[in-house]
K.L.:
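Pasting a structure here, questions to come.
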Amino acid sequence: MKKILNDPSTVVTDALRGLALAHPELLRVSTDPAVVTRVEPTPPGAVAVVSGGGSGHEPLHSGFVGPGMLAAACPGPVFTSPTPDQVVAAVREVEAGGGALLVVKNYTGDVLNFETAAELLEAEGVEVRTVVVDDDVAVTDSSFTAGRRGVGGTVLVEKIVGAAAARGDSLDRCAEIAGRVNSQVRSMGLALSPCVVPHVGRPSFELGEDEIEIGIGIHGEPGRERIPLEPADGLVRRLLEPVLDDLPFASGDEVLLFTNSMGGTPPLELYLAHGIAERLLAERGIRVRRSLVGPYVTSLEMRGISVSVLRLDDELTALWDAPVRTTALNWGS
Amino acid sequence: MKKILNDPSTVVTDALRGLALAHPELLRVSTDPAVVTRVEPTPPGAVAVVSGGGSGHEPLHSGFVGPGMLAAACPGPVFTSPTPDQVVAAVREVEAGGGALLVVKNYTGDVLNFETAAELLEAEGVEVRTVVVDDDVAVTDSSFTAGRRGVGGTVLVEKIVGAAAARGDSLDRCAEIAGRVNSQVRSMGLALSPCVVPHVGRPSFELGEDEIEIGIGIHGEPGRERIPLEPADGLVRRLLEPVLDDLPFASGDEVLLFTNSMGGTPPLELYLAHGIAERLLAERGIRVRRSLVGPYVTSLEMRGISVSVLRLDDELTALWDAPVRTTALNWGS
Amino acid sequence: MGCGVDEVVAAFHRVAEVITAHRDELVDLDRAIGDGDHGENLTRGFTAVRASLDEGEHGSPAEVLKLVASTLISTVGGAAGPLYGTALLRAAKAVPDRVELGPEDVAAALAAALEGVVARGRAEAGDKTMVDALVPAVAAAERAVGDGGDTRAVLAAASAAAETGARETAPLVARKGRASYLGERSAGHLDPGARSTALVLGAFASPGPSPSRTPGKECEG
Amino acid sequence: MGCGVDEVVAAFHRVAEVITAHRDELVDLDRAIGDGDHGENLTRGFTAVRASLDEGEHGSPAEVLKLVASTLISTVGGAAGPLYGTALLRAAKAVPDRVELGPEDVAAALAAALEGVVARGRAEAGDKTMVDALVPAVAAAERAVGDGGDTRAVLAAASAAAETGARETAPLVARKGRASYLGERSAGHLDPGARSTALVLGAFASPGPSPSRTPGKECEG
Ligand SMILES: Nc1ncnc2c1ncn2[C@@H]1O[C@H](COP(=O)(O)OP(=O)(O)O)[C@@H](O)[C@H]1O
Ligand SMILES: Nc1ncnc2c1ncn2[C@@H]1O[C@H](COP(=O)(O)OP(=O)(O)O)[C@@H](O)[C@H]1O
Ligand SMILES: [Mg+2]
Ligand SMILES: [Mg+2]
Ligand SMILES: [Mg+2]
Ligand SMILES: [Mg+2]
């Protein structure tokens, strides 16, 4: 395992230290427990949007802390959900009377830890709502699984509900909007190569010389199938068709198309895939009104991509366009 | 070679198509010859800052096209400098009477092609100045080499001179500022793994299981030495010491610290390295006034990092802080 | 005599030791059908447990159970953190003011722990989770109580049953937790949480020496 | 008789063919001491040359040389693009109004090409670049003219000398271009640009068939 680190057990705190030094004007970082909050305080009465999850998916979530998006993020150890303490500490620091909306990816660990935190916070008299993001169509959503995983759609939920909170929407309204985004977004990913969790030291899975995994999870969880590598046109189609068929998206829909790198895929390949996805959507009569392209929900150094499609309405579009100032997303004024 | 692409010979144009679709409000893309220009026109009389180079280093240069930075970028084939036509076409499109400043990384191919373009443009009556960036201390700058390579410092030159052009500085003044940035910045990188050029199909070099290359170039050119992997503290010191000793930087200096990913290094490792670099600078009495952390000058999927240090003065700091709106750097209003 | 506060503290030191010794095994099990962190998560948690146990005096077994629970909740993360935490909180509530845990107390604590895990995680027996170690452990403990066993016998029965239960997760198809994403492919591997549950109960039942400053004590009679 | 416009066109078709056939060899040479694109760059360039030659009628050898030069400049990129382009532009200027290129013309064109490369790239003999193929080629061509050789003999002499020159770049340490970053480690490898220069001259000198619609012609007498 070749990695730039000193000690696998301190990699998250060591990185948080660097994060704090790099963005003093935007972020404040505590390491015990690990919490990243934004320097700009939550306006009195406004909703504090808080998220978190295992580390190793950066910029998710700490890279989305800032005006117009998250009030705080709780980074767990690599690929391990944060503990309730972290969530409680984060919410205590940023909640300003408007309550807290917790954005949680649908993994057992995350759901249970945030659930525990919510119980503790409610016992303290803090109003809390939770939205569980589960946009990954690679997993069958049945009683035989822990349900769909939360993947790329998480960024879209966080951006849009962050904008709703910034314009002063109530906690209930924020919860409704976050739920709406989650209900309108579908995603699927593929991996060309695995990742290596620092404290494990070996690849999360093995792939043959020419093999790729379709439907990969962001922790290296297995997907739907392993196939030989094929040209990008076919790969993107394999991701997009299940995504479109699931909601389903229909001709005439206007969407946000999010082409995400799992970490190790260069922009050249990513933009190439994005171009293909846009063409395939056009073939189905679906119009891309907004685009996002980049490594936003990653899996350490994994090479691969995911595609998320969000059906837009005017409100979601306006909230997407609203100003945001974070290390990873930054626009408007 | 596992890559997401259709045909190695069209990878750059295919990616440019995706880039155009993703950022219609910011960028305009032509593919014959390949030129990326910003939608916002150059104000009459202002300097047009134009850069370019081989593709595969994204977001360099196309990701830096936009208000406050580049007026246009010319992407060559992967790791191959663009042709003079591209540069001439780009300058013709964005030059608005104030002349053009060409930012060129110091590689024989880039220098020669931009030189030819400059001759053609001057013959057309366009005023042109060129700044050649050569910040890589891994290469000995002597008559026995093609001189130092242009690496991470290029981003800093482009951002700062882009701001100078945006505030209306003359061509001579822009050339002076760009030259000043280049004279005050030093960089060095290391690689944990090689990259694979699509039309070559094999790794650019081979590294042992535990081996890393110190002083790597952004095309996989060899560096100063191969050593066994060591903890991050030692690695960052190996990059930073030659950088600091070269200018040299001295106690009391105020600097911009730029910790760059070569593409495949996750943010976790990158921020960790940044934190170490900041600590090592502090030990030498050097104060980090500004930070930049991210994959900005990459080498396809290469895993590795580079560190650049720029000595700041008040003017350079103000120009760094000035608003910029590009796909990769985005701040201010 | 049963299990007093010192014996419970000593038992948790043994648990910490056993989990740390099996860290890599648990990582490998979780790597096969999960995300490879279970061994690391529990090692981090029980290392913290050792430190918090060493910090002060402890009034009762229930207090120790609560302290361990809250330490695990605040350091383990993942699915196992809240599940182990809830299990131990419920166990504490089942034996609120006992000075010593007798055989019935142990059985009641185990039953409460199982209820807690099910309440949080909503898994059923056969879903290939820690529930599959706890269900037979609770049944065996109750049987041992019925047979007139002492505390040590009840713990031994629970531990043996948990071990068998964990082993028998191998052929199962996971329906809860991260392993469920594998569907049929999860069959053929032990469930890491069931395995760690068996290790915890084994450490409670066994008289192994404790490396901590708290003198090694085992639950007697 | 010397080399007329048709023969020059045919020669460049042969060059395109030879370069394409040696693409992988040139990639490998450049991969060893450069960045692995030389074969791809020249193949792209000469494929474009073929297309532009096929586009219309050509008035004179100099016009063809200019067309090839500008096509290479606008399609090759890298170090080789401007260097080959400048070389051919200078060669064209050396034989401005010739209908046929005689032996002296060939030698003069080659000398001008070398001057162009040196003017652009500032390399000296021994720097391990294409200059190391061109310098002996020019000398050999001039010797052949002095010996009374015809056009074909001059080209053959230049080609043979370029080939030797290219081979002799192997032990050299690069001092120009990307290979110079390797320092001592560049020794032991052929310079890709010197090798491609030898291939170009070889294709000019050889009577190999041309696959293009322009009938295969070689420079005569
Ligand atoms: N819903 C659940 N109910 C009971 N136990 C569960 C449940 N989900 C997961 N587990 C247990 O948790 C173990 C995994 O723990 P761990 O690896 O620490 O967490 P994570 O899955 O978040 O990485 C599984 O092996 C299983 O025994
Ligand atoms: N300054 C120079 N003068 C003459 N030839 C040069 C010079 N620099 C490089 N070359 C030639 O160019 C060749 C490399 O061409 P190519 O690989 O196409 O360009 P790049 O180095 O930009 O990738 C070298 O093998 C060498 O022969
Ligand atoms: Mg986990
Ligand atoms: Mg090149
Ligand atoms: Mg796990
Ligand atoms: Mg080359």
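Order of the sequence lines sets the chain letters (A, B, ...), proteins ahead of strands, with each chain counted from 1.
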K.L.:
Between chain B and each of A:L21, A:T298, A:D14, count heavy-atom pairs under 4.5 Å; write down the option with the most.
P.N.:
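The residue among A:L21, A:T298, A:D14 with the greatest pair count is A:L21.
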K.L.:
Who wins among A:M1, A:H23, A:K3 for the most heavy-atom pairs under 4.5 Å with chain B?
P.N.:
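Among A:M1, A:H23, A:K3, the one with the most close pairs to chain B is A:K3.
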K.L.:
As an exercise: rank A:E58, A:R279, A:E25 by heavy-atom pairs under 4.5 Å with chain B and give me the winner.
P.N.:
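The option with the most such pairs is A:E58.
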K.L.:
Would you please go through residues 267-275 of chain A and name the residues with a non-hydrogen atom below 4.5 Å from one of chain B, in numerical order?
P.N.:
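Contacts with chain B: A:P267, A:L268, A:E269, A:Y271, A:L272, A:A273, A:H274, A:G275.
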K.L.:
Given a strict heavy-atom distance threshold of 4.5 Å, which part of A:V288 is in contact with chain B: side chain, backbone, both, or neither?
P.N.:
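Neither; nothing under 4.5 Å.
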K.L.:
With only heavy atoms counted, which part of B:L257 is less than 4.5 Å from chain A, the side chain, the backbone, both or neither?
P.N.:
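Neither the backbone nor the side chain of B:L257 comes within 4.5 Å of chain A.
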K.L.:
Let me know if A:L229 has heavy atoms under 4.5 Å from chain B in its side chain, its backbone, both or neither.
P.N.:
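Contact with chain B involves the side chain of A:L229 alone.
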K.L.:
Under a 4.5 Å cutoff for heavy-atom pairs, which residue among B:L300, B:I212, B:T10, B:L5 has the most contacts with chain A?
P.N.:
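Highest number of pairs under 4.5 Å: B:L5.
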K.L.:
Applying a heavy-atom distance below 4.5 Å, give me the residues of residues 191-206 of chain A that approach chain B, sorted by number.
P.N.:
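A:L192 fall under the 4.5 Å cut-off.
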K.L.:
Using non-hydrogen atoms and a 4.5 Å limit, figure out which bit of A:L16 sits close to chain B: side chain, backbone, both or neither.
P.N.:
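Nothing of A:L16, per the 4.5 Å heavy-atom cut-off to chain B.
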K.L.:
In terms of heavy-atom pairs under 4.5 Å with chain A, which of B:L19, B:V293, B:L190, B:L207 leads?
P.N.:
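Result: the option with the highest number of such pairs is B:L19.
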K.L.:
Could you give the distance from CD1 (B:I4) to OG1 (A:T265), rounded to the nearest 0.5 Å?
P.N.:
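Between B:I4 CD1 and A:T265 OG1, I get 4.5 Å after rounding to 0.5 Å.
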K.L.:
Would you mind listing every salt bridge (Lys or Arg N to Asp or Glu O under 4.0 Å) that reaches into residues 320-333 of chain B, with sequence neighbours excluded?
P.N.:
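Qualifying pairs, neighbours excluded: B:R290-B:D321.
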K.L.:
Below 4.5 Å, heavy-atom pairs only: which of A:G294, A:G56, A:G18 has the largest tally toward chain B?
P.N.:
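Option with the greatest count: A:G18.
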K.L.:
Can you tell which part of A:E301 gets under 4.5 Å to a heavy atom of chain B, answering side chain, backbone, both or neither?
P.N.:
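Interface part for A:E301: both.
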K.L.:
For the candidates B:R17, B:E230, B:E211, which exhibits the highest count of non-hydrogen atom pairs separated by less than 4.5 Å from chain A?
P.N.:
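Most pairs with chain A among the choices: B:E211.
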K.L.:
Compare every heavy atom of A:N6 with every heavy atom of B:P231, then report the nearest pair and how far apart it is.
P.N.:
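Result for this residue pair: CB-OD1, 3.4 Å.
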K.L.:
Would you indicate whether B:E283, at its atom CD, is surrounded by more than 12 heavy atoms from other residues, nucleotides or ligands within a distance under 6.0 Å?
P.N.:
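Atom CD in B:E283 is packed in, count exceeds 12.
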K.L.:
Is A:M302 close to chain B through its backbone or its side chain, or both, or neither, when contacts mean heavy atoms under 4.5 Å?
P.N.:
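Neither part; nothing is under 4.5 Å.
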K.L.:
Got a sec, which residues hit ring pair (Phe, Tyr, Trp, His ring centres under 6.0 Å) with A:H61, two or more places apart in sequence or on another chain?
P.N.:
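Residues passing ring pair (Phe, Tyr, Trp, His ring centres under 6.0 Å) with A:H61: none at all.
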K.L.:
Which answer fits A:R303, side chain, backbone, both or neither, if we ask what part of it has an atom under 4.5 Å from a heavy atom of chain B?
P.N.:
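Side chain of A:R303 only, per the 4.5 Å heavy-atom cut-off to chain B.
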